[in-house]
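Taking it in order: structure first as structure tokens, then the write-up.
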Protein chains: 2
Amino acid sequence: MQQSPVPPEPPIYRRIADGLREAILSGDLRDGDRLPGENALMARHGIARATARQALSVLINEGLAIPKRGSGVYVRQFRPIRRHGSRRLSRDRWGRGAAIWDSDTEGRPYTVDEVDIDRERAEDPVARVLDSSEVWVRRRRYSVNGRPVQLSVSHFPAELVEGTAITREDTGPGGVYARLGELGHAPAHFTEELRARMPHPHETVQLDLPAGTPVIVIARVARTADGVAVEVNEMVLDAASYVLQYDFDS
Amino acid sequence: MQQSPVPPEPPIYRRIADGLREAILSGDLRDGDRLPGENALMARHGIARATARQALSVLINEGLAIPKRGSGVYVRQFRPIRRHGSRRLSRDRWGRGAAIWDSDTEGRPYTVDEVDIDRERAEDPVARVLDSSEVWVRRRRYSVNGRPVQLSVSHFPAELVEGTAITREDTGPGGVYARLGELGHAPAHFTEELRARMPHPHETVQLDLPAGTPVIVIARVARTADGVAVEVNEMVLDAASYVLQYDFDS
DNA sequence: GAGTGGTCTAGACCACACG
DNA sequence: GTGTGGTCTAGACCACTCT
């Protein structure tokens, strides 16, 4: 007969973290509220400093709290931007008020900084998809309300765009897609591949990410009506700043 | 005149973590390889145990390494499943060999366990979208090769599906969508909203997630040709097990 | 100046994995 | 049995924030 297994007591730091998480998720502690600090936890539970830190680090790594040096640990907030992928039909017909998650429905004014344009040898996945060993690369960072939210790296086959405005900082009215259209290579079909993972160090710096924040990586391939790939765009989004939406049929 | 700011030396634990990360990302350490343990780091760098642990915890929280009690810390691997959202046109015409990320292209045999079906009061976002205060809820967990990879919670308006196979464990041939079709409410339009975040504790348990693994949350709304919402499905995916793909036009 | 989080040391005991 | 990671104590010094 199976001995009823005794559930082991969770360690102290975990029980403290569970209590604080409960307070956050239940709404007892709200966005921006201050959590009890290290000293408060030490006194209240009679534990060592390292143990109190460990409890707080759980919540920080879960993305529920943010530490501020010399000040305290605070409940984190979530106010995402909504990014639309395919939206062909749904938008006006039943897009209103039907969202699952709250968001700033339309992207607030983006600012673009750290633009960087270069001609480079294509790396492997991009070279294969574009069928081109030389590419023009446009790197950008997007910010909303002064907070960086997205990194974008666009690749174009070098032979295709050589000498056009796509190789210059100002791409002119309508942007790169209008230029591709004038070249007779208007994008008509898109494929977006998505992943989520923890950020690499350079992403943490460029997006100013606190601990416990994943990134969403989108690799988008734009193809002409003939199926020729003309752009590969890899985007890295601060996951805490975005809700992505895709609408489709059948 | 601006004093050239002296970049402060990163702390020891960070420099050690940077070195190990470099070894992982460069391929010096490969999937499944063992990292130097706490004792090795203490000896090599002349540091205290807690500092060595802190260095390793950085990599663990980044999802690059996995600790195994009594054994060591190992380099983590990434072998995702590919999940297709809208795929109307692209699949056969230019889907082949054009992927950015490697994956098991078609989902390997899923197994379903922990099925749970209940009639419940609808919570707020779901109640609003389905315009229904009572819902039938189908909860499931999906596993691939014995590893849990996805949690799924489907909601249906209670009045609509009452007494049908949708309220029973075996939904019959074609599944719930076939049953909805027979009721004259065939789903025709889909909206998927996506987020990524760190998992909640119950998700960590049910998906057996190691630290440093985000989840992707998909809220999918199915609507009939008339625009009536007939299903809300909230899925929670182990982000390390998935690549999502969406294909669309214009 | 007082309080906060960030880093670090030097120990300790434990449960677990592996040979 | 030995080595591993998991938890915890009791200190210390620092940089930073807030008042």
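Throughout, a chain's letter reflects where its sequence line sits, starting with A, and its residues are numbered from 1. What's counted below: heavy atoms across the whole structure, side chains too, no hydrogens, waters or symmetry copies.
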Identify which one of B:I218, B:L194, B:L244, B:I216 satisfies the side-chain contact (heavy atoms from CB on, under 4.5 Å) criterion when paired with A:L244.
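Answer after filtering B:I218, B:L194, B:L244, B:I216: B:L194.
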Donor-acceptor pair present, A:R49 side chain and C:dG5 base, under 3.5 Å
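Yes, a donor-acceptor pair under 3.5 Å.
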Side chain of [X], backbone of [Y]: donor and acceptor closer than 3.5 Å?
X      : Y      : answer
A:R195 : A:V215 : no
A:R15  : A:P10  : yes
B:R141 : B:T111 : no
A:R34  : A:G72  : no

Check the distance between [N]'s [atom2] and [X]'s [atom1] and give it to me in whole angstrom.
X     : N      : atom1 : atom2 : value
B:E38 : C:dC14 : CD    : P     : 18 Å
A:I60 : C:dT4  : CD1   : P     : 15 Å
A:L41 : C:dT4  : CG    : P     : 11 Å

Check the phosphate of C:dT4 against A:N39, side-chain N and O only, distance under 4.0 Å to OP1 or OP2. Yes or no?
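Answer is yes, contact under 4.0 Å.
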Base, sugar-phosphate, or nothing for [X], non-hydrogen atoms under 4.0 angstrom?
X     : result
A:I47 : sugar-phosphate
B:L56 : nothing
B:R34 : sugar-phosphate

Nearest-nucleotide 5' precedence on DNA chain D, A:P11 against A:G70
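Its nucleotide being nearer the 5' end, the pick is A:P11.
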Whichever of A:A48 and B:V73 has its nearest DNA chain D nucleotide further upstream toward 5'
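On the 5' side of the pair lies B:V73.
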For the CZ atom on B:R14, are there more than 12 heavy atoms of other groups (residues, nucleotides or ligands in this structure) within a distance under 6.0 Å?
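Incorrect, the count does not exceed 12.
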Are B:T213 and B:R76 linked by a side-chain donor-acceptor pair shorter than 3.5 Å?
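Yes.
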First and last nucleotide of DNA chain D touching chain A, 5' to 3', heavy-atom cut-off 4.0 Å?
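Range of nucleotides within reach of chain A: D:dT7 to D:dT17.
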Answer yes or no: is there an ion pair linking A:R21 with A:D18, defined by an N-O contact shorter than 4.0 Å?
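Salt bridge present between A:R21 and A:D18.
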The helix from C:dG1-D:dC18 to C:dC18-D:dG1: angle between its terminal axes, five pairs each, to 10°?
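Roughly 10° between the end axes, to the nearest 10°.
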Parallel, tilted or perpendicular: rings of A:Y110 and A:Y142 (30°, 60°)
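Because their plane-to-plane angle is over 60°, the rings of A:Y142 and A:Y110 count as perpendicular.
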